Amino acid sequence: MNKRNDAWVMVIFLMALLAACQNAASTTPEAATAVSQISHTATPIPLATSVVEATAVASATPITPTPNAIATAIAMDAATRAAGPTKEPTATPKPIPTLDPLVDRWWNDTIFYEVFVRSFQDSDGDGVGDINGLIEKLDYLNDGDPNTTTDLGVTGLWLMPIMESPSYHGYDVVDYYSVDEEYGTAEDFRRLIEEAHQRGIRVTVDLVINHTSREHPWFTAANAGDAQYRDWYVWADPAPNYLGPWGQQVWYAGQDGYYYAVFWSGMPDLNLSNSAVTAELYNITRFWLEDMGVDGFRMDAVRHFIENGIAQENTPDTHVWLQAFHTYYKSVDPDAFTVGETWTDSQNAAQYAVDENDIAFEFNLSEAYLRAAGSPIVGDLYDQAALVEAAYPPNQFGIFLTNHDQNRTMSVLGDVAKAKVAAALLLTSPGVPFLYYGEEIGMTGTKPDEDIRLPMQWRSDEANVGFTTGTPWRTPAADYTEVSVALQDADPDSLLNTYRALIHLRNAHEALREGDWTPVTANSNRIYAFLRHTENETILVVVNLNPNPVTAENYSLDLSDGPLSGAVTAVSLYGSEVMTAPIVNGQGGFNDYLPLAEIPGQSATIILLTQE
């Protein structure tokens with residue numbers, strides 16, 4: 001091993017040692033005071049006459065509780081992570097659900113694009129992105145013609161919060177039935193749905209129901225002592241003497257008593273144990289599905305929905321509530337889709353998939369992608385991918401690199417070649433891919449949050465980056481003169497065109513969208529190789545993570561048993577031209593396969609294997 005590799009290994013070792021020390025240092029918070037202090041399981045109360053009645057309320061059928069596990073909180077970002085309190089699971093995890101073959105899981109054929117509307121495109125010159133601006137840019141995302149390759153090719157949108165809110169980010173809602181006036185009107189939104197659907201793009205929106213804004217009329221009434229709304233939130237008096245899941249303050253003084261807010265004082269948690277709250281949340285869900293036409297929701301903070309004293313994440317009551325919610329939204333629209341923000345370990349995240357949310361975001365796997373793309377060796381990627389495969393029903397998890405809460409991918413990797421490797425890992429892997437806007441051009445950004453949500457860099461020849469004709473709501477990144485859609489659009493070797501090629505390839509091949517995953521032994525710690533396969537198609541993916549090429553003397557691909565049979569041909573779909581096909585063994589695998597005499601550094605080669 002050369003000195004460069006030695007240095008990388010030392011860095012990886014030190015990172016692992018630091019993580020282990022942090023986990024070892026975490027402590028269990030002080031025991032809660034009497035649970036009876038907390039007004040959390042409230043007596044049902046009628047809805048206010050001013051609140052629209054729910055059209056239906058699904059009752060929660062009792063189920064076997066899933067683990068009451070308070071695990072060490074997954075890092076909120078590499079730059080800001082802090083060890084949190086731990087609690088061992090108290091029950092056996094529920095069995096992995098069996099997928100109903102009659103259900104159309106359209107999301108497995110979809111590639112989602114996460115958009116912060118405020119920062120994507122401004123149509124009226126006020127410096128704030130809006131819905132009409134997003135409509136103007138739909139052809140950039142998908143022009144509706146499957147024969148073209150100049151669009152990005154995404155087939156789904158996730159819109160960060162668009163409901164009325166006093167904040168720039170929208171995660172503290174004051175009116176669940178209104179589009180934020182800075183973004184447009186309900187009519188604008190319905191036109192977005194129509195225009196997106198014409199291009200084959202499904203639209204999901206952020207549904208933030210763990211908490212509201214402190215300025216929401218419900219909380220204003222509750223804080224004033226209104227008996228009708230008091231138990232719509234979680235109250236205690238005196239304040240319990242424990243902290244939150246990552247060691248933060250969670251109890252705040254109200255006008256009479258203390259209210260619970262897991263994120264900050266401006267976002268008081270709703271009491272989802274209250275049947276009146278649940279009925280209203282059902283009606284909000286129905287409104288956006290039926291009246292506004294959305295295809296589904298990204299559900300914020302699902303692991304925090306219902307607390308049980310000191311147990312504040314992944315509680316059995318949260319799982320029961322989500323199962324009933326799943327039944328309800330499927331009754332409104334059987335094709336409706338939800339993805340849960342399950343920022344926790346893979347085993348706990350998997351508990352939310354299929355019968356609670358349709359899929360759950362896989363944060364551990366996203367971290368493994370970035371570690372591998374930023375490293376010259378595979379590290380733990382095989383292990384993490386195998387763990388995810390074992391924990392979920394096939395492909396029922398969301399995959400991504402980074403999102404709106406994390407330092408941007410390019411800022412983490414710092415290198416276009418590494419970013420291309422990360423894109424290849426994301427877009428060839430099992431699961432449902434999500435891209436964060438600007439990731440495809442290598443936009444940069446590190447905390448604070450506003451700086452990872454900056455205006456989309458369309459052009460490099462003006463300070464407002466083609467985002468607005470006015471003054472942007474926040475100054476664009478300083479590298480706009482070097483990073484933009486305009487600069488990369490016609491460059492076949494650009495990051496943008498790498499994303500375009502990989503997205504269109506995934507759209508064209510069912511094995512990449514919904515196929516099984518089978519690891520392939522590469523006999524080199526620089527190479528990550530695997531099969532994606534369905535009954536109709538088998539694709540081999542070979543990724544060299546190292547900046548140096550790997551020659552035939554230093555690798556060989558082995559698969560003891562697999563899905564192949566008889567003689568096969570090999571055709572390159574992406575990357576270097578394959579020189580030979582594997583000889584299939586008696587168990588459907590292959591031995592000592594050398595598809596390339598030399599695998600280029602930091603490259604992906606995607607090979608279609610077809611039975612002759």
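On a predicted model such as this, the values are computed, not experimentally measured, just so you know. The first residue of the sequence shown is numbered 1, and numbering continues consecutively from there.
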> V294 and L289: which non-hydrogen atoms are nearest, and at how many Å?
O-CD2, 3.6 Å
> Nearest 0.5 Å, what's the CD-OG distance between Q457 and S119?
10.5 Å
> Side chains of T204 and D295: donor-acceptor distance under 3.5 Å anywhere?
no
> Check the side chains of T605 and E577 for a donor-acceptor pair under 3.5 angstrom, ignoring hydrogens and angles.
no
> Spell out, as yes or no, whether a donor-acceptor pair under 3.5 Å connects the side chain of T327 to the backbone of Q323.
yes
> Are the side chains of M456 and F116 in touch, meaning some heavy atoms are under 4.5 Å apart?
no
> Has the side chain of R526 got a donor or acceptor atom that lies under 3.5 Å from a matching backbone atom of I377?
no
> Is it the case that the side chains of R500 and N497 hold a donor-acceptor pair, with the cut-off being a distance below 3.5 Å and no angle test?
yes
> Checking ring pair (Phe, Tyr, Trp, His ring centres under 6.0 Å) against F337, which of F297, W107, Y329, W158 comes through?
W107
> Measure the spacing between CG of L454 and OH of Y480 and express it to the nearest 0.5 Å.
13.5 Å
> Just by distance, no angles: are the side chains of S556 and N523 close enough, under 3.5 Å, to form a donor-acceptor pair?
yes
> For atom CD1 of I583, is the number of surrounding heavy atoms from other residues, nucleotides or ligands below 6.0 Å larger than 12?
no
> Keeping the roles fixed (side chain from Q488, backbone from L496), state whether a donor-acceptor pair exists under 3.5 Å.
yes
> Testing the 3.5 Å rule here: is there a donor-acceptor pair between the side chains of Q351 and H319?
no
> Does any N or O in the side chain of S484 come within less than 3.5 Å of the main-chain N or O of L487, such that one atom is a donor and the other an acceptor?
yes
> When you compare the side chains of D145 and T148, does any donor N or O come within less than 3.5 Å of an acceptor on the partner?
no
> So, T521 versus D558: side-chain donor-acceptor pair below 3.5 Å or not?
no
> Does T534 reach the main-chain N or O of A511 with its side chain, forming a donor-acceptor pair under 3.5 Å?
no
> I'd like to know if the side chain of R298 reaches the main chain of V339, judged simply by a donor and an acceptor atom lying under 3.5 Å from each other, with no hydrogens or angles considered.
no
> Nearest heavy-atom pair of V578 and P595: which atoms, and what distance?
CG2-O, 3.5 Å
> State whether the side chain of S429 and the backbone N or O of L426 hold a donor-acceptor pair below 3.5 Å, judged by distance alone.
no
> Please confirm whether R202 makes a cation-pi placement over W106, using NZ or CZ under 6.0 Å from the six-membered ring centre and within 45° of the ring normal.
yes
> I would like to know whether S460 and E482 meet side-chain hydrogen bond (donor to acceptor under 3.5 Å, both in side chains); could you show each step before the answer?
CA-CA 7 Å; S460 292; E482 301 173 357; over 6 Å; no
> Between E439 and R408, does any NZ, NE, NH1 or NH2 come within less than 4.0 Å of an OD or OE carboxylate oxygen?
no
> Would you please classify the geometry between the F590 ring and the Y593 ring as parallel, tilted or perpendicular, with 30° and 60° separating the classes?
perpendicular
> Return yes if a side-chain donor-acceptor contact under 3.5 Å exists between T446 and S411, otherwise no.
no
> Rounded to the nearest 0.5 Å, what separates atom CD1 in I441 from atom CE in M410?
9.5 Å
> Roughly how far apart are L427 CG and L435 CG, rounded to 0.5 Å?
6.0 Å
> In terms of side-chain heavy atoms, does N544 have a donor or acceptor partner in N546 at a distance below 3.5 Å?
no
> How many angstroms lie between CE in M299 and CD in E356, if you round to the nearest 0.5 Å?
10.5 Å
> Kindly say whether G431 contributes a backbone atom to a donor-acceptor pair with the side chain of R513 at under 3.5 angstrom?
no
> Heavy atoms, side chains only, cut-off 4.5 Å: are L159 and L192 in contact?
yes
> Do D151 and H504 get their side chains close enough for a donor-acceptor pair, meaning under 3.5 Å?
yes
> Decide, yes or no, whether a salt bridge links D355 with K330 under the criterion of side-chain N to carboxylate O below 4.0 Å.
no
> Compute the ring centroids of F120 and W458, then answer whether they are less than 6.0 Å apart.
yes
> Donor-acceptor pair, Q406 side chain versus N403 backbone, under 3.5 Å?
yes
> The test is salt bridge (Lys or Arg N to Asp or Glu O under 4.0 Å); show your working for R199 and D139 and say whether it passes.
CA-CA 8 Å; R199 293 164 172 81; D139 281 349; 2.8 Å; yes
> Is the closest side-chain donor-acceptor distance between Q384 and Y369 under 3.5 Å?
no
> Checking the side chain of Q396 only, and the main-chain atoms of P394 only, is there a donor and an acceptor separated by less than 3.5 Å?
yes
> Let's go through K420 and D493 carefully: what are the C-alpha distance in whole Å and the side-chain angles of both, what is the deciding distance for salt bridge (Lys or Arg N to Asp or Glu O under 4.0 Å) to 0.1 Å, and is it a yes or a no?
CA-CA 10 Å; K420 290 180 179 181; D493 194 43; 3.2 Å; yes
> Which residue in the set Y436, F400, F434 passes ring pair (Phe, Tyr, Trp, His ring centres under 6.0 Å) when paired with F112?
F434
> If you measure from CG on D333 to OH on Y328, what distance do you get to the nearest 0.5 Å?
11.5 Å
